[in-house]
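Given the structure is predicted, the values throughout are model-derived calculations rather than measurements. Just the heavy atoms: all of them, side chains too, but no hydrogens, waters or symmetry mates, feed the values below.
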Amino acid sequence: MSPDTAWEEANERYLATALTWLRLRMERVSPARPAPPPAQAQPTPPGLVADPPEAIRESMWDRFRGGRRATDAPAGGSAIGLLSSGGGIDEQIAEAAEEMARLEEMDPPPALPLLARRFGLSPFEREVLLLAVAMELDTRFPALCARAQDDATRPWPTFALALTLFDDAAWEALSPEGPLRYWRLLEVAHAPPQPLTTSPLRADERIFNYAKGLNHMDERLAAATAPLRPPSGVGLSPSQEKAAEAARAALQGAGPGPVPLVHLLGPDGESKQLVAAHVCAQLGLRPHRLLPGALAPTADVEGLARLWRREAALLPLALYLEQPEGEGEPHDGALPRFAARAGSFCFLDARDLRLPSGTPVVPVEVGKPTAAEQREAWGGVLGPLVDGLPASLAGQFDLGLPVLHRVAREGLAAAEEGAPLREALWDAALKATRPGMDRLAVRVDARATWDDLVLPPTETALLRQVAAQVAQRSRVYEEWGFGAKMNRGMGIAALFAGESGTGKTMAAEVIATALRLNLYRIDLSAVVSKYIGETEKNLRRLFDAAEDGGAILFFDEADAIFGKRSEVKDSHDRYANIEINYLLQRMEAYRGLAILATNVKSALDTAFLRRLRFVVEFPFPAAGERRRMWERAFPPQAQVEALDFDRLSRLPMAGGSIHNVALNAAFQAAHEGTSVTMPLVLNAARAEFRKMERPVSEAEFRWTEPALGAA
């Protein structure tokens with residue numbers, strides 16, 4: 001016989017004995033009944049079903065245990081048989097109580113005594129709970145309750161009946177602060193003007209199922225939580241194992257007071273979930289996470305927290321709470337209140353949450369694996385397939401172990417289908433790091449290459465140097481040890497300054513294409529907020545998301561947010577300066593490339609300029625550069641007649657304007673059904689000049705076909 005089967009049978013014997021003990025006590029206080037008159041057949045009213053005779057009525061407990069009545073001796077024998085000794089009712093009650101006490105000594109004890117022990121019930125409170133549970137286990141008890149109360153209109157247990165039935169009765173057992181009602185072990189269906197003492201008592205469904213030996217999660221909590229299941233086969237890095245040990249020590253070392261809340265700090269949610277699941281596995285706990293919708297503005301936070309604490313006393317559970325980014329104030333108000341009341345073994349994943357004063361908290365910092373640990377993890381997954389690939393991936397992408405393993409599986413699967421392994425893994429990593437950034441910025445589909453860029457040699461060399469530093473930063477910082485000697489961030493920040501249309505955006509695209517990295521244009525309207533502190537939160541989310549894939553951040557018109565810090569005259573000036581200071585710190589700490597573009601370099605804060613590694617000036621193109629731009633403006637597939645590029649290069653236009661003119665001329669030619677000709681290009685150039693409100697000399701845009709035979 002298995003231990004579970006032995007406990008189930010012992011629990012059944014205990015319940016059978018307890019129900020017999022309760023029935024005997026109810027019979028003892030019931031008034032003597034006169035002999036019933038001879039039974040006469042009575043017609044059954046239409047639509048109703050006659051009650052089955054008492055002789056064939058089957059209790060719920062009978063059906064649950066395969067047909068045996070609650071007072072029958074189960075297989076293996078029971079002391080219930082001793083109650084048929086023929087003694088008086090007081091002797092039978094004493095025998096039942098003695099048998100219950102004997103069964104309570106088993107290890108583990110039956111469900112009902114264990115329940116009473118865990119919730120601190122007094123003997124009287126436990127007996128009241130048994131009275132309510134009995135109604136769910138045996139359908140004979142409604143009639144017994146009516147007889148014991150000498151009132152046929154009250155076929156239910158009441159507090160008045162409990163005061164009559166049991167010894168050491170105490171009024172405070174029905175207090176809202178007492179364990180019976182505080183933990184919602186039973187409910188009082190009080191409907192004034194009915195007195196509280198005669199209101200029906202009903203055991204909570206979760207509780208009477210527990211008493212029967214059915215220990216499953218409360219359905220109200222099952223709908224509000226989900227199991228926390230980290231990916232199988234993914235362990236912790238050495239640095240994360242230290243964090244897990246700190247969390248485990250905090251939970252195991254808790255004193256007699258409340259168990260402290262483990263506040264997991266750090267930006268990577270998956271790493272924190274992995275650490276929490278690892279700690280729970282060591283402690284024999286089953287972790288669950290609270291679903292976001294469970295704490296809606298209309299939710300009963302106190303009731304839900306109390307249900308969870310009750311559930312944690314019945315099952316080996318732990319709770320993982322996380323604060324979704326961008327939630328409104330109603331959620332932010334409910335989450336800290338719930339976290340402070342949840343008790344049990346609780347992990348909190350939140351960065352901008354103010355807990356109520358007095359909440360016991362143990363902060364534990366959880367980060368992603370270090371670069372060396374990620375390199376080792378890549379090597380363990382890939383093996384000796386490609387030399388130098390683990391270092392290259394670890395140097396560019398900052399991934400938690402769950403994401404790293406997913407990327408490796410996806411890349412290896414693509415390689416099996418014929419794709420080059422290096423490109424497949426790189427593309428899979430880029431894809432995995434996109435979702436976090438796509439919610440915060442606009443991704444630019446970079447297609448421009450070095451051949452498309454027309455700049456003076458000095459500026460072109462600077463851009464190539466920027467790309468080279470991004471590509472080689474892992475070797476210099478990690479392998480060559482420069483990172484250990486730096487007290488500032490290891491990010492690379494570059495300023496692109498120049499007039500509109502001189503190629504700043506194209507240069508950013510060229511670098512992204514050369515490095516095969518994602519390029520994101522930062523929408524300042526989505527970052528800057530009029531509310532105090534919100535701009536910093538937006539910037540933090542932006543940089544944290546960009547860290548995963550080392551994305552290139554392109555701040556267009558950067559002077560709007562990186563402007564000079566002003567003299568503090570009021571609170572708005574002070575907070576504006578705080579935003580700039582925070583931005584400067586994040587720029588230094590960011591391990592990727594941040595590019596700032598501005599048309600007005602003088603508008604930038606000088607302290608910010610000192611922290612930039614590169615400043616690339618984009619001059620207005622000279623005539624020779626403009627000619628090369630005109631020559632590359634039309635794709636090879638376009639139907640273009642011979643154009644006078646010398647004539648066009650004399651027009652003072654930047655690269656952006658040249659692109660607009662070529663595109664507009666092509667659309668006009670397509671509309672007229674002709675090739676792109678010089679008159680169409682000059683007409684489009686005239687329109688571009690007028691758009692920019694520049695003076696137009698008609699002689700510059702007049703075209704005369706060259707004479708035949710002219711040189």
Side-chain angles (χ1 to χ4, degrees), residues 226-241 243-244 264-279 281 287 289 320 322-325 347 349 351 365-383 385-386 389-415 419 421-441 443 474 478 515-518 520 540-553 590-592:
L228 182 65
R229 295 191 179 99
S232 59
V234 180
L236 299 180
S237 67
S239 59
Q240 292 173 337
E241 287 178 352
L264 301 176
L265 307 175
D268 187 37
E270 285 195 286
S271 292
K272 288 186 278 190
Q273 291 182 14
L274 195 64
V275 167
H278 183 79
V279 173
R289 55 185 292 266
Y320 188 90
E322 54 190 327
Q323 179 187 23
E325 292 284 4
F347 299 88
D349 174 7
R351 303 186 68 183
E365 184 72 33
V366 178
K368 295 177 184 177
T370 64
E373 291 170 344
Q374 291 184 45
R375 186 165 59 248
E376 183 178 351
W378 279 115
V381 174
L382 301 178
L385 294 176
V386 178
L389 184 54
S392 178
L393 291 169
Q396 179 57 49
F397 301 99
D398 186 21
L399 304 178
L401 292 181
V403 180
L404 187 148
H405 281 258
R406 287 200 301 269
V407 169
R409 287 194 300 269
E410 184 176 341
L412 291 172
L421 179 60
R422 181 181 295 272
E423 286 74 9
L425 288 168
W426 194 275
D427 291 341
L430 288 175
K431 179 181 176 182
T433 56
R434 274 187 54 184
M437 281 297 298
D438 285 349
R439 294 191 297 266
L440 303 169
R443 192 173 72 91
S474 175
E478 300 292 336
L515 296 173
R516 298 188 70 235
L517 295 176
N518 290 321
Y520 285 91
R540 187 203 69 208
R541 285 192 284 264
L542 177 68
F543 280 102
D544 286 348
E547 288 280 4
D548 292 349
I552 298 177
L553 304 181
Y590 180 53
R591 59 192 293 270

| request: Identify the two heavy atoms, one from A243 and one from E365, that lie closest to each other, and give their separation to 0.1 Å. | output: CB-O, 3.4 Å
| query | Just by modelled atom types, is the S239 backbone N or O under 3.5 Å from a matching donor or acceptor in the E373 side chain? | reply | yes
| task | Write down the atom of Q374, the atom of L404, and the distance for their closest heavy-atom approach. | result | O-CD1, 4.1 Å
| Taking the side chain from Q273 and the backbone from L228, do they hold a donor-acceptor pair closer than 3.5 Å? | no
| message | So V407 and K431, do their side chains get closer than 4.5 Å, heavy atoms only? | response | no
| query | What distance separates T433 OG1 from D398 CG, expressed to the nearest 0.5 Å? | reply | 10.5 Å
| field | Closest heavy-atom pair and its distance - G266, R351 | value | O-CD, 4.1 Å
| said: Between Y520 and L440, is the side chain to side chain contact (heavy atoms under 4.5 Å, CB included) condition met? List the steps. | reply: CA-CA 9 Å; Y520 285 91; L440 303 169; over 6 Å; no
| note | So CG of L399 and CZ of R406: to nearest 0.5 Å the spacing works out to 9.5 Å
| query | Under 4.5 Å between any side-chain heavy atoms of M437 and L542, yes or no? | reply | yes
| task | Kindly give the heavy-atom pair with the smallest separation between L264 and A276, and that separation in Å. | result | CD1-CB, 4.3 Å
| said: Could you check whether E322 pairs with K272 (Lys NZ or Arg NE/NH1/NH2 to Asp/Glu carboxylate O, under 4.0 Å)? | reply: no
| query | Say you draw a straight line from CD of E423 to CG of L430; how long is it, rounded to the nearest 0.5 Å? | reply | 11.5 Å
| said: Could you walk me through whether L382 and L393 satisfy the side chain to side chain contact (heavy atoms under 4.5 Å, CB included) test, starting with their C-alpha distance in whole Å, then the side-chain angles of each, then the deciding distance to 0.1 Å, before giving a yes or no? | reply: CA-CA 11 Å; L382 301 178; L393 291 169; 4.2 Å; yes
| request: Taking all heavy atoms of L412 and all of L421, pick out the closest pair and write down the distance. | output: CD2-CD1, 3.8 Å
| Which heavy atom in A244 sits nearest to a heavy atom in V279, and how many Å separate them? | O-CG2, 3.4 Å
| Are side-chain heavy atoms of L274 and L236 found at a separation under 4.5 Å? | yes
| field | Reported OG1-to-CD distance for the pair T370 and Q240, which is rounded to 0.5 angstrom | value | 9.5 Å
| Does any non-hydrogen side-chain atom of W426 lie less than 4.5 Å from one of L517? | yes
| said: How long is the straight-line distance from CG of L401 back to NE2 of H405, given to the nearest 0.5 Å? | reply: 5.5 Å
| message | Once rounded to the nearest 0.5 Å, what's the spacing between atom CG of L425 and atom CZ of F397? | response | 9.5 Å
| message | I'd like to know if R289 and D349 make a salt bridge, using a cut-off of under 4.0 Å between side-chain N and carboxylate O. | response | no
